[in-house]
A.B. asks: 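This structure is in structure tokens; I'll ask about it shortly.
FYI, side chains are in, hydrogens and waters are out, and symmetry mates aren't considered; it's all heavy atoms of this structure.
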Amino acid sequence: MRGRLLRTLEESYGGRIGRGPSHPFRVLVSCILSQRTREENTERASRSLLSAAPTPRALSSLPLPRLKKLIRGVGLADQKARRLKETAKLLLEKHGGRVPGTREALMELPGVGPKTADVVLCYGLGKPAIPVDTHVNRISKRLGLVRKEAGLEEVRETLQRLFPVEKWHLINRGLVLFGREVCLPRYPRCGRCPMAGVCPSEGKG
DNA sequence: AAAACGGGGGC
DNA sequence: GCCCCAGTTTT
């Protein structure tokens, strides 16, 4: 199952996997904006906010009403505006204006939970991490990699144990694309799924 | 463990 | 209209 999954992800999405860390502050801001919101709706807000406030200092001094306007379009906007501003302030006061490089420090920032912390580590700082979102959670359970009752922490630990660290990036990006295009939440497209034949949940909706 | 936050797009 | 979205925080 593991080998089959890695092969599938590599063949289907290998060409679409970017490499190397990007700007950690931008990853952090974009990731908070993207919570419970489709990526298409996030991009405009993310661009306008980051061009108005490209640094923690700029973001922390942005008036809340203006911040809210800049990110209009994303869900949970009031919450996100407050958390983004508070997080920027903490980056400035406690981390010298830098994004901290440990999971523990990241998760002390408002709006940063386990998933966002792992996204920053992985995509922002190029450190090994597997962010567990709804896609990764759902697919891991459908494929039988993780028991259905598992919480997010158990899913994360199991995946990290199951796959060699050099494959984590493929797992991260591949599972999300797979979940968005084939293994859909409600009506998975089992008919055209490359895992058909080995998936224990095939045809079970 | 469950509820609350939330606008936008697909069906 | 109803459901879901690369979750986090509070109850």
Side-chain angles (χ1 to χ4, degrees), chain A residues 9 12-13 16-18 21-24 26-50 64-65 67-88 90-91 99-100 103-143 146-156 159-160 168-189 205:
Chain A
L9 295 179
S12 306
Y13 310 112
R16 280 196 268 166
I17 310 273
S22 0
H23 197 299
R26 293 218 257 225
V27 171
L28 174 58
V29 170
S30 309
C31 189
I32 289 179
L33 285 175
S34 79
Q35 289 163 6
R36 301 303 290 174
T37 303
R38 290 172 194 276
E39 208 168 299
E40 310 86 79
N41 302 334
T42 301
E43 285 172 10
R44 192 190 58 81
S46 187
R47 275 199 311 273
S48 64
L49 177 57
L50 283 171
L64 217 42
L67 211 170
K68 283 182 194 171
K69 279 185 186 172
L70 285 167
I71 66 174
R72 187 163 32 197
V74 303
L76 308 173
D78 282 15
Q79 242 182 40
K80 288 173 181 174
R82 285 193 304 275
R83 291 173 180 171
L84 280 165
K85 177 158 179 164
E86 187 57 28
T87 280
L90 286 174
L91 290 182
V99 176
R103 212 164 179 266
E104 302 69 46
L106 284 165
M107 287 183 56
E108 288 175 5
L109 301 169
V112 180
K115 184 265 184 177
T116 301
D118 283 334
V119 167
V120 172
L121 288 175
C122 176
Y123 294 96
L125 299 167
K127 298 188 177 186
I130 299 182
V132 179
D133 56 39
T134 53
H135 289 311
V136 173
N137 186 43
R138 177 182 69 256
I139 295 166
S140 301
K141 290 172 181 176
R142 280 188 180 157
L143 291 177
V146 183
R147 63 190 184 103
K148 306 267 192 249
E149 303 77 19
L152 291 183
E153 191 57 19
E154 185 179 337
V155 174
R156 193 173 73 89
L159 290 177
Q160 292 187 342
W168 288 7
H169 208 276
L170 179 63
I171 290 290
N172 291 342
R173 195 59 188 155
L175 285 186
V176 170
L177 293 172
F178 179 60
R180 219 161 62 180
E181 299 170 7
V182 180
C183 198
L184 307 177
R186 182 88 112 148
Y187 300 108
R189 298 172 176 162

A.B. asks: Does A:E181 offer a backbone N or O that forms a donor-acceptor pair with the side chain of A:R189 under 3.5 Å?
C.D. replies: yes
A.B. asks: Determine, for A:E149 against A:R147, whether the closest basic-nitrogen to carboxylate-oxygen distance falls under 4.0 angstrom.
C.D. replies: yes
A.B. asks: Does one side chain, of A:T42 or A:T37, offer a donor that lies under 3.5 Å from an acceptor on the other?
C.D. replies: no
A.B. asks: Rounded to the nearest 0.5 Å, how far does CD of A:E39 lie from OG of A:S34?
C.D. replies: 7.0 Å
A.B. asks: Tell me the interatomic distance from A:R44, atom CZ, to B:dG9, atom P, rounded to whole angstroms.
C.D. replies: 10 Å
A.B. asks: For atom CZ of A:R26, is the number of surrounding heavy atoms from other residues, nucleotides or ligands below 6.0 Å larger than 12?
C.D. replies: no
A.B. asks: Please report the distance separating the C1' of B:dG6 from the corresponding atom of C:dC3, rounded so that it comes out in whole Å.
C.D. replies: 14 Å
A.B. asks: Checking A:E86 now: which residues fulfil salt bridge (Lys or Arg N to Asp or Glu O under 4.0 Å) with it, not counting sequence neighbours?
C.D. replies: none
A.B. asks: Between A:L152 (CG) and C:dT8 (P), how many Å, whole number?
C.D. replies: 9 Å
A.B. asks: Quick one: does any side-chain atom of A:K68 pair with a main-chain N or O of A:A77 as donor and acceptor, under 3.5 Å?
C.D. replies: no
A.B. asks: Measure from the side-chain N and O atoms of A:K80 to the backbone N and O of A:L33, and report whether any donor-acceptor pair falls under 3.5 Å.
C.D. replies: yes
A.B. asks: Holding to salt bridge (Lys or Arg N to Asp or Glu O under 4.0 Å), I want the full list of residues that pass it with A:E43, two or more places apart in sequence or in another chain.
C.D. replies: none
A.B. asks: Figure out the CD/C1' separation between A:E86 and C:dT8, and round it to whole Å.
C.D. replies: 15 Å
A.B. asks: Just the dot-bracket of DNA chain B, please: which string comes out with Watson-Crick or G-U pairs under 3.5 Å, [ ] for crossing, | for another strand?
C.D. replies: |||||.|||||
A.B. asks: For a quick check of understanding: with a heavy-atom distance under 4.0 Å over all strands, which category does A:V132 fall into, base, sugar-phosphate or nothing?
C.D. replies: nothing
A.B. asks: By a strict heavy-atom criterion of less than 4.0 Å, which residues belonging to residues 68-79 of chain A are in contact with DNA chain B?
C.D. replies: A:G73, A:V74, A:G75, A:L76, A:D78, A:Q79
A.B. asks: Please state how far atom NZ in A:K80 lies from atom P in C:dG7, giving the value in whole angstrom units.
C.D. replies: 9 Å
A.B. asks: Roughly how many Å is it from CG in A:L106 to P in C:dG7, rounded to a whole number?
C.D. replies: 17 Å
A.B. asks: Just by protein heavy atoms under 4.0 Å, how would nucleotides 1-6 of chain C read 5' to 3' in B, S and -?
C.D. replies: --SBBB
A.B. asks: For A:K115 and A:Q35, indicate whether the former's side chain and the latter's backbone hold a donor-acceptor pair under 3.5 Å.
C.D. replies: no
A.B. asks: Name all residues meeting the salt bridge (Lys or Arg N to Asp or Glu O under 4.0 Å) criterion together with A:R103; count only those two or more places apart in sequence or in a different chain, and write none if there are none.
C.D. replies: A:D118
A.B. asks: Give the rounded distance in Å between these two atoms: CD1 of A:I32 and C1' of C:dT9.
C.D. replies: 13 Å
A.B. asks: If I pick the P atom on C:dA6 and the same atom on B:dG10, what distance separates them, to the nearest angstrom?
C.D. replies: 13 Å
A.B. asks: To the nearest Å, give me how far apart CG (A:L84) and C1' (C:dG7) are.
C.D. replies: 13 Å
